[in-house]
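All values derive from a computational prediction rather than experimental measurement.
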Amino acid sequence: QVQLVESGGGLVQAGGSLRLSCAASGGALSRYGMAWFRQAPGKQREFVAAISWSGSGTYFSASVKGRFTFSRDNAKNTVHLQMNSLKPEDTAVYYCAASTRYYSDGIYATDTDGYDYWGKGTQVTVSS
C-alpha cells in the first residue's frame with residue numbers, strides 16, 4: 001500500500017508561485033495515475049489536476065488551466081504541482097492522490113472516488 005506525503009505549501013501573495021511536492025513510499029509511483037485535489041473551508045474537495053502514469057498526459061480543471069503545471073519523476077517517486085499566478089481563491093488544503101484504475105494517457109478521474117490513496121494535505125494560503 002502506497003503512502004503519500006505532501007509538502008511545499010505555505011503563505012504567498014497574490015500573483016506569486018508555489019511548488020507542491022508529493023512523495024510516495026511503499027510502492028512504485030509509476031504504477032499509479034496521480035492527481036491533486038483541494039478543499040477550502042466549508043467546501044467540498046475539488047479536482048485540480050491529474051497526470052498519467054508516464055507523465056506524458058495531464059489534465060487540469062478550468063480554474064487552474066494555464067496557471068498550474070503537473071509533472072512527475074517516477075525514478076524519485078515524486079510528483080510536483082507548480083502553481084503560478086496564484087489567486088486568493090486558490091487558498092485551500094491541497095491533497096495528493098493515487099489511482100490504480102485511472103492511469104493511462106487521456107483517461108483521467110476528476111472525482112474523489114477515482115482515487116485509492118490519499119495524503120494528509122498541505123495548506124496553501126494566498127493573500128490579496
Side-chain angles (χ1 to χ4, degrees):
Q1 183 171 346
V2 67
Q3 291 84 43
L4 304 173
V5 178
E6 303 93 338
S7 62
L11 173 64
V12 64
Q13 288 188 331
S17 299
L18 280 175
R19 187 184 191 223
L20 304 184
S21 297
C22 174
S25 60
L29 204 61
S30 59
R31 300 174 61 184
Y32 303 95
M34 300 296 296
W36 288 93
F37 284 74
R38 66 187 182 187
Q39 188 166 17
K43 295 187 177 181
Q44 289 188 331
R45 194 168 297 190
E46 66 170 358
F47 171 80
V48 175
I51 192 167
S52 63
W53 72 272
S54 67
S56 60
T58 55
Y59 182 74
F60 298 90
S61 68
S63 61
V64 307
K65 190 174 184 180
R67 299 188 295 124
F68 292 9
T69 58
F70 198 175
S71 61
R72 65 189 300 160
D73 185 339
N74 287 336
K76 295 183 178 179
N77 255 15
T78 58
V79 297
H80 304 285
L81 184 70
Q82 178 66 42
M83 306 187 296
N84 298 327
S85 302
L86 283 162
K87 305 175 181 180
E89 50 264 44
D90 293 319
T91 295
V93 177
Y94 282 70
Y95 297 91
C96 176
S99 176
T100 61
R101 293 159 285 156
Y102 299 93
Y103 51 85
S104 300
D105 291 351
I107 301 176
Y108 309 105
T110 59
D111 189 85
T112 55
D113 290 344
Y115 295 87
D116 307 288
Y117 304 105
W118 293 84
K120 294 184 178 181
T122 184
Q123 176 71 46
V124 171
T125 303
V126 184
S127 63
S128 57

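- Contact check for Cys96 versus Trp36: side-chain heavy atoms found under the 4.5 Å cut-off.
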Show the numbers, then the answer: is there a side chain to side chain contact (heavy atoms under 4.5 Å, CB included) between Asp105 and Ser56?
CA-CA 7 Å; Asp105 291 351; Ser56 60; 2.5 Å; yes
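- Within the 3.5 Å criterion, the main-chain N or O of Arg67 finds no donor-acceptor partner in the side chain of Ser85.
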Could you go step by step and tell me if Met83 and Asp90 meet the side chain to side chain contact (heavy atoms under 4.5 Å, CB included) rule?
CA-CA 9 Å; Met83 306 187 296; Asp90 293 319; over 6 Å; no
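- Partners of Ser17 by side-chain hydrogen bond (donor to acceptor under 3.5 Å, both in side chains), not counting sequence neighbours, listed by chain and number: Asn84.
- More than 12 non-hydrogen atoms from other residues, nucleotides or ligands lie less than 6.0 angstrom from CZ of Arg101.
- The two residues Val48 and Leu81 have their closest heavy-atom pair at CG1-CD2, 4.3 Å.
- Remark: Phe47 CZ is packed, more than 12 non-hydrogen atoms of other residues, nucleotides or ligands lying under 6.0 Å away.
- Cluster membership for Tyr95 and Phe70, using ILVMFWY side-chain heavy atoms within less than 4.5 angstrom, is not shared.
- With rounding to the nearest 0.5 angstrom, the OH atom of Tyr117 is 10.0 Å from the OG atom of Ser99.
- Side-chain contact between Gln123 and Thr91 is present, with at least one heavy-atom pair separated by less than 4.5 Å.
- If you look at Phe37 and Tyr115, their ring centroids are closer than 6.0 Å.
- A single hydrophobic cluster is seen to contain both Val124 and Phe60, as judged by linkage of ILVMFWY side chains at heavy-atom distances under 4.5 Å, directly or through other members.
- Trp53 approaches Ser30 most closely through the heavy-atom pair CB-O, 3.4 Å.
- Heavy-atom minimum distance, Ala24 versus Val2: CB-CG2, 3.7 Å.
- Across Leu29 and Asn74, no two heavy atoms sit closer than the pair C-OD1, 4.2 Å.
- Other residues, nucleotides and ligands place more than 12 heavy atoms under 6.0 Å from the OH atom of Tyr108.
- Nearest approach of Gly121 to Glu6, heavy atoms of both residues: N-OE1, 2.9 Å.
- Each of Tyr59 and Val79 belongs to its own hydrophobic cluster when Ile, Leu, Val, Met, Phe, Trp and Tyr are linked at side-chain heavy-atom distances under 4.5 angstrom.
- The closest side-chain heavy-atom distance from Arg38 to Ser63 is below 4.5 Å.
- Of all heavy-atom pairs spanning Ser128 and Pro88, the tightest one is CB-CG, 3.8 Å.
- Met34 contributes atom CE, which lies 11.5 Å from atom OG of Ser71 (distance to the nearest 0.5 angstrom).
- Taken from OH in Tyr94 to CG in Leu20, the straight-line distance is 7.5 Å, to the nearest 0.5 Å.
- Residues Trp118 and Thr112 meet the side-chain proximity criterion, which asks for heavy atoms closer than 4.5 Å.
- Rounding to the nearest 0.5 angstrom, the gap separating the CZ atom in Arg72 from the CG atom in Asn77 is 9.0 Å.
- In this structure, Glu46 contributes its side chain and Gln44 its backbone to no donor-acceptor pair below 3.5 Å.
- A 4.5 Å side-chain heavy-atom check between Asp116 and Tyr32 finds every atom pair outside the cut-off.
- Listed by chain and residue number, nothing satisfies the ring-ring contact (aromatic ring centres under 6.0 Å, His included) test with Phe68 (two or more places apart in sequence, or in another chain).
- By the neighbour-count criterion of 12 heavy atoms within 6.0 Å, atom OH of Tyr103 is sparsely surrounded, having that number or fewer from other residues, nucleotides or ligands.
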